[in-house]
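For reference, the structure discussed in these notes is given below.
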Amino acid sequence: MKRILTELLYLFFPNTCVNCKSPLIIGEEQLCIACLNQLSYTRFNVNQNPAELLFAGRNEISAAYAFLHYEKGGITQKLIFSLKYHNNKKLGFLLGRMAALQLIRQVDFEQPDVIIPVPLHKKRLKKRGYNQSEWIAKGFNSVCRKSIDTTSLVRLKKTETQTKKSVYDRITGIETAFQLTSGENLEGKHVLLIDDVMTSGATLNACVKELSRCEKIKISIFCLAVAQ
Ligand SMILES: [Zn+2]
């Protein structure tokens with residue numbers, strides 16, 4: 001009986017939850033309500049937000065926010081996997097939008113002038129077909145309604161897969177991985193840099209270092225998930 005009911009549900013609601021695979025009902029998108037409630041939200045609590053702690057005291061950083069905690073084997077990891085490797089751009093949009101709505105409600109969020117998603121190397125972009133951080137940015141921007149800049153900062157190195165190199169080599173590799181193509185349009189602007197997952201912060205640091213070459217720039221950081 002239960003199986004027949006489940007099959008009927010699939011017939012009427014063919015979309016399934018990214019995490020538990022149960023059929024999604026009207027009003028649910030990507031995740032069922034139960035899984036949505038189980039997500040490990042940071043709630044943008046400054047004292048418990050590793051993103052804020054990692055960049056605290058840095059002059060060039062105005063604020064740093066992370067929406068979810070990233071734990072191995074947890075729901076967040078599944079979401080990131082679906083977003084990056086299963087062509088689930090919509091999930092990036094949805095989570096970016098959810099994050100922006102929560103951020104505006106919960107903290108004194110200063111609106112940026114422009115949003116820059118952390119760029120992918122052009123070869124990786126061609127292979128994946130999209131930049132997952134750009135889809136997070138699109139969702140975020142559906143609330144902010146600013147502009148998204150995908151051309152001023154480019155990635156010169158495919159640092160993501162240098163797993164065989166030592167940590168030192170990877171860090172020195174990433175330090176010079178990004179380049180400004182034109183900085184003038186960012187002068188005096190407040191930029192919100194958006195990334196998918198932050199682990200050591202090395203990628204975002206490298207972007208910040210390059211963006212800081214612009215005169216009077218102010219930089220804030222948002223990442224969808226932060227590893228502990
Ligand atoms: Zn679910």
Side-chain angles (χ1 to χ4, degrees), residues 6-7 9-41 66-102 115-145 147-151 153-163 174 177-178 192-199 203-204 207 221-227:
T6 308
E7 279 174 10
L9 265 174
Y10 275 110
L11 199 63
F12 291 104
F13 305 104
N15 293 324
T16 56
C17 171
V18 174
N19 183 51
C20 71
K21 309 292 174 210
S22 66
L24 295 179
I25 56 166
I26 292 167
E28 291 178 340
E29 213 181 320
Q30 301 277 344
L31 279 163
C32 70
I33 295 285
C35 290
L36 209 55
N37 286 335
Q38 277 178 49
L39 282 180
S40 186
Y41 300 102
F67 182 46
L68 301 167
H69 290 289
Y70 183 94
E71 287 136 5
K72 263 199 163 163
I75 301 179
T76 307
Q77 190 186 22
K78 278 195 195 174
L79 299 180
I80 297 292
F81 194 84
S82 181
L83 166 64
K84 282 176 83 169
Y85 305 109
H86 287 169
N87 198 32
N88 198 349
K89 300 180 275 241
K90 271 188 183 169
L91 180 61
F93 186 95
L94 180 82
L95 293 171
R97 183 174 166 81
M98 270 171 60
L101 288 169
Q102 218 182 85
I115 293 176
I116 298 185
V118 169
L120 289 183
H121 185 267
K122 60 181 182 217
K123 277 188 187 162
R124 186 168 302 281
L125 183 63
K126 202 174 171 195
K127 199 174 163 199
R128 189 170 293 159
Y130 60 97
N131 175 356
Q132 69 280 0
S133 296
E134 192 178 333
W135 279 85
I136 299 166
K138 283 180 182 180
F140 198 98
N141 201 37
S142 69
V143 177
C144 283
R145 298 182 184 277
S147 60
I148 299 177
D149 180 345
T150 56
T151 54
L153 187 69
V154 292
R155 193 177 197 131
L156 302 174
K157 293 182 191 170
K158 265 171 74 186
T159 42
E160 216 181 345
T161 51
Q162 291 181 316
T163 44
I174 198 134
F178 299 93
L192 179 67
L193 194 57
I194 291 191
D195 203 3
D196 52 359
V197 184
M198 183 168 91
T199 45
T203 304
L204 284 164
C207 292
I221 286 168
F222 169 80
C223 51
L224 190 62
V226 65

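Predicted model, so just to flag it, every value in this text is computed and none were measured.
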Closest approach of [X] and [Y], non-hydrogen atoms and distance?
X    : Y    : result
L83  : N88  : CD1-O, 3.5 Å
L193 : C207 : CD2-CB, 3.5 Å
T203 : R155 : CG2-NH2, 4.2 Å
I136 : D195 : CD1-O, 4.2 Å
T151 : V154 : O-CG1, 4.1 Å
I75  : Q38  : CD1-CB, 3.7 Å

Should we count CD of E29 as having more than 12 external heavy atoms under 6.0 Å?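 Counting neighbours around CD of E29, 12 or fewer heavy atoms of other residues, nucleotides or ligands fall under 6.0 Å, so no.
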Any side-chain heavy atom of [X] within less than 4.5 Å of one from [Y]?
X    : Y    : answer
N131 : R124 : no
W135 : L95  : no
L31  : L39  : yes
T150 : P117 : yes
Y41  : L36  : yes
V118 : Q132 : no
E28  : I33  : yes

Out of N141, L192, I194, I116, which one pairs with I148 under the side-chain contact (heavy atoms from CB on, under 4.5 Å) rule? N141
Without swapping roles, check the side chain of [X] against the backbone of [Y] for a donor-acceptor pair under 3.5 Å.
X    : Y    : result
E71  : T76  : no
Q77  : G73  : yes
Y70  : M198 : no
R128 : K84  : yes
K78  : N19  : yes

Could you measure the distance from the [atom1] atom of [X] to the [atom2] atom of [Y]? Nearest 0.5 Å is fine.
X    : Y    : atom1 : atom2 : answer
C144 : I115 : SG    : CD1   : 4.5 Å
N15  : K21  : CG    : NZ    : 11.5 Å
H121 : F178 : NE2   : CZ    : 10.5 Å
S133 : F222 : OG    : CZ    : 10.0 Å
C32  : N37  : SG    : CG    : 8.5 Å
D196 : I80  : CG    : CD1   : 5.5 Å

According to the interplanar angle, ranging from 0 to 90°, do the rings of H86 and F81 count as parallel (below 30°), tilted (30 to 60°) or perpendicular (above 60°)? perpendicular
By side-chain contact (heavy atoms from CB on, under 4.5 Å), which residues pair with K126, not counting sequence neighbours? none
